[in-house]
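Residue numbers run from 1 in the order of the sequence given. Worth knowing before you read on, the calculation uses all heavy atoms, side chains too, and leaves out hydrogens, waters and symmetry mates.
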Amino acid sequence: MKTRTKKTKSLSAAELAERSVHRRAVEAVIWGMPAVNTDLMLQEMLTKTSGKVNQIIYWGRPLDWRNQTLTPNPDAIYFMAFFNTKDVGPVVIDVPSGDANGSLNGNIVTVWQTSLEDVGFLGLDKGAGGKFLILPPGYAEKIPDGFTALPSDTYSGYALLRSNLKSHSDADVAAAIAYGKRVKVYPLSQAANPPATIFTDAKDADYDSTIRYDLSFFQSLDRIVQSEPWIERDRAMIDPLRSIGIEKGKSFKPDTKTQEILKAAILEAKALLARRYDAGFPPFFANSYWTSPALPEAVEGQATTYAKHDSYAVDARGVAYTYAYIAIKRLGTAQFYLICIRDKDGNDFDGGKSYCLRIPANPPIEQYWSVTAYDRQTHALIRNMARASRSSQIPEMQKNADGSIDVYFGPKPPADKETNWVPTDPKRSFEMMFRLYAPKKEFFDKKWVLPDVEKVK
């Protein structure tokens, strides 16, 4: 019996080098997604507002489409503090005590969006407030009394602090803003006499941190490599990044040929990540299109700083930060999320068609629920829409006789149900996120079930 040998084309040295750059660039995009996600938000603050690092930016009204961050919550007042300990040393985020009249649901993360701590009403402080001290990598000095130390493996990161709303009334919005402005940010070196925290309102800024699948992605990634120390678990990326032109201490200046390879690679990475997102996540309810907010390994890894040494969910993490931001240490305590990208019949949501979600009576929550529509292509709020969501904070929403509420999505409101309507763009597909703030045990026991979204015939 003769053995056939398949002839393969011999690749030149130049072809091999180009293939290596392309291959490694695809992997760099997937690996670097959470840090680039953070950098995009930071750059928007630095270029679109007067806000600075170690200050606070906030949105002085419930978020609208001008905030083009990834799947944000338009039913809370957002405060963000981008911090950097590199030059000033440990940084304090002083969270005020909270109660029924004012509270935060907050999360503090590294530049790689791994969780340092949850804070606020249902965070580590349980609403008592506290002085959370972010420590630079390798910091070994004694921590003063009265501070909760948060050791970080990066110099920079951010805190996302959601000031809870009772309703969307002007008075309740003003109260939530006033409460959020009680947060303080300052260097530990100035703790004896903290300077006043500077707050910048970004509500009118065109704040767009959606992922850029172009050469600028690698420029963002280069900024991270230049400014942050190598984390031990990521040192295997040093050579692959160097081969695409990103190396600590050197300028990122790819030649024309390399730029073309990088542009092709990031589009391939985009397709890979989008296909994984489109495949969906584990269903939360049996036989449901409402799914968990991310792949379980990504949720666990970002919450535990990848404590398991035999796993590292780079791929799952990469997917997650194409459509969302933040990491939560105890997902399901202060908040929980459900994602839906298809209707009851398994079809993608079409912005030119109408849909209905029936929310059963008595959702098992202590704070509120909300449901939001996002642009399927960008994962941001749909542009030029008057509103993006409906929530239990909206007293004028109409209820059914059994206490359930029908929320409608589509290009036009149903007759006499405009208060229950979320507008969509007929030229764009969309997706949904259902939020539960302070969910109860009955929710996780599946004693209350959110039905699938139905197309209106």
Side-chain angles (χ1 to χ4, degrees), residues 34-35 37-39 41-42 53-57 78-98 103-163 180 182-192 194-195 197 224 227-234 299-308 317 321 325-331 333-335:
N37 182 311
T38 301
D39 184 65
M41 292 190 288
L42 172 63
V53 171
N54 298 331
Q55 298 177 1
I56 293 179
I57 61 169
Y78 267 34
F79 289 77
M80 293 188 76
F82 290 91
F83 59 81
N84 194 322
T85 63
K86 193 169 189 177
D87 296 325
V88 302
V91 170
V92 180
I93 297 182
D94 191 337
V95 175
S97 61
S103 64
L104 294 173
N105 287 316
N107 314 100
I108 305 173
V109 299
T110 73
V111 73
W112 285 94
Q113 304 202 56
T114 55
S115 178
L116 293 177
E117 194 49 81
D118 301 336
V119 300
F121 202 57
L122 293 169
L124 181 67
D125 54 299
K126 303 296 183 186
K131 297 177 180 179
F132 296 90
L133 184 62
I134 301 157
L135 305 179
Y139 189 82
E141 295 183 30
K142 186 178 183 301
I143 306 304
D145 292 339
F147 294 87
T148 299
L150 303 181
S152 175
D153 53 15
T154 65
Y155 292 113
S156 61
Y158 68 94
L160 175 61
L161 308 167
R162 310 164 195 83
S163 187
R182 292 169 56 192
V183 176
K184 300 175 183 177
V185 177
Y186 53 87
L188 177 64
S189 61
Q190 298 179 339
T197 300
I224 300 298
S227 60
E228 295 290 349
W230 278 103
I231 299 170
E232 190 64 28
R233 67 174 181 268
D234 286 328
V299 174
E300 180 187 45
Q302 294 295 75
T304 64
T305 315
Y306 304 95
K308 291 183 178 178
R317 183 185 72 177
Y321 289 98
Y325 65 100
I326 206 59
I328 299 171
K329 188 170 282 290
R330 303 169 195 84
L331 183 63
T333 302
Q335 67 260 66

To the nearest 0.5 Å, tell me how far [X] [atom1] sits from [Y] [atom2].
X      : Y      : atom1 : atom2 : result
Ile326 : Leu160 : CD1   : CG    : 4.5 Å
Ser152 : Ile231 : OG    : CD1   : 8.0 Å
Ile93  : Leu116 : CD1   : CG    : 9.0 Å
Thr333 : Asn105 : OG1   : CG    : 10.5 Å
Tyr78  : Arg162 : OH    : CZ    : 5.0 Å
Trp230 : Thr154 : CH2   : OG1   : 13.5 Å

Is the shortest side-chain N to carboxylate O distance from [X] to [Y] below 4.0 Å?
X      : Y      : answer
Arg330 : Asp118 : yes
Arg317 : Glu300 : no
Asp153 : Arg233 : yes

Where is the tightest heavy-atom contact between [X] and [Y], given as atom of each residue plus distance?
X      : Y      : answer
Lys86  : Ser227 : NZ-O, 3.2 Å
Gly106 : Leu161 : CA-CD2, 3.9 Å
Ile108 : Ala159 : CG1-CB, 3.9 Å
Pro194 : Ala192 : CD-C, 3.8 Å

Would you check if the side chain of [X] reaches a backbone N or O of [Y] as a donor-acceptor pair within less than 3.5 Å?
X      : Y      : answer
Thr197 : Val185 : yes
Thr305 : Gly301 : no
Arg182 : Pro96  : no
Lys329 : Ala303 : yes
Thr85  : Tyr155 : yes
Asn37  : Tyr321 : yes
Gln302 : Gln113 : yes

Parallel, tilted or perpendicular for Tyr158 and Tyr325, by the 30°/60° rule?
-> tilted
Who are the side chain to side chain contact (heavy atoms under 4.5 Å, CB included) partners of Ser156, not counting sequence neighbours?
->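 For Ser156, the residues satisfying side chain to side chain contact (heavy atoms under 4.5 Å, CB included) (neighbours in sequence not counted) are Asn84, Val111, Glu228.
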Side-chain heavy atoms of Ile56 within contact of Phe82, under 4.5 Å = no
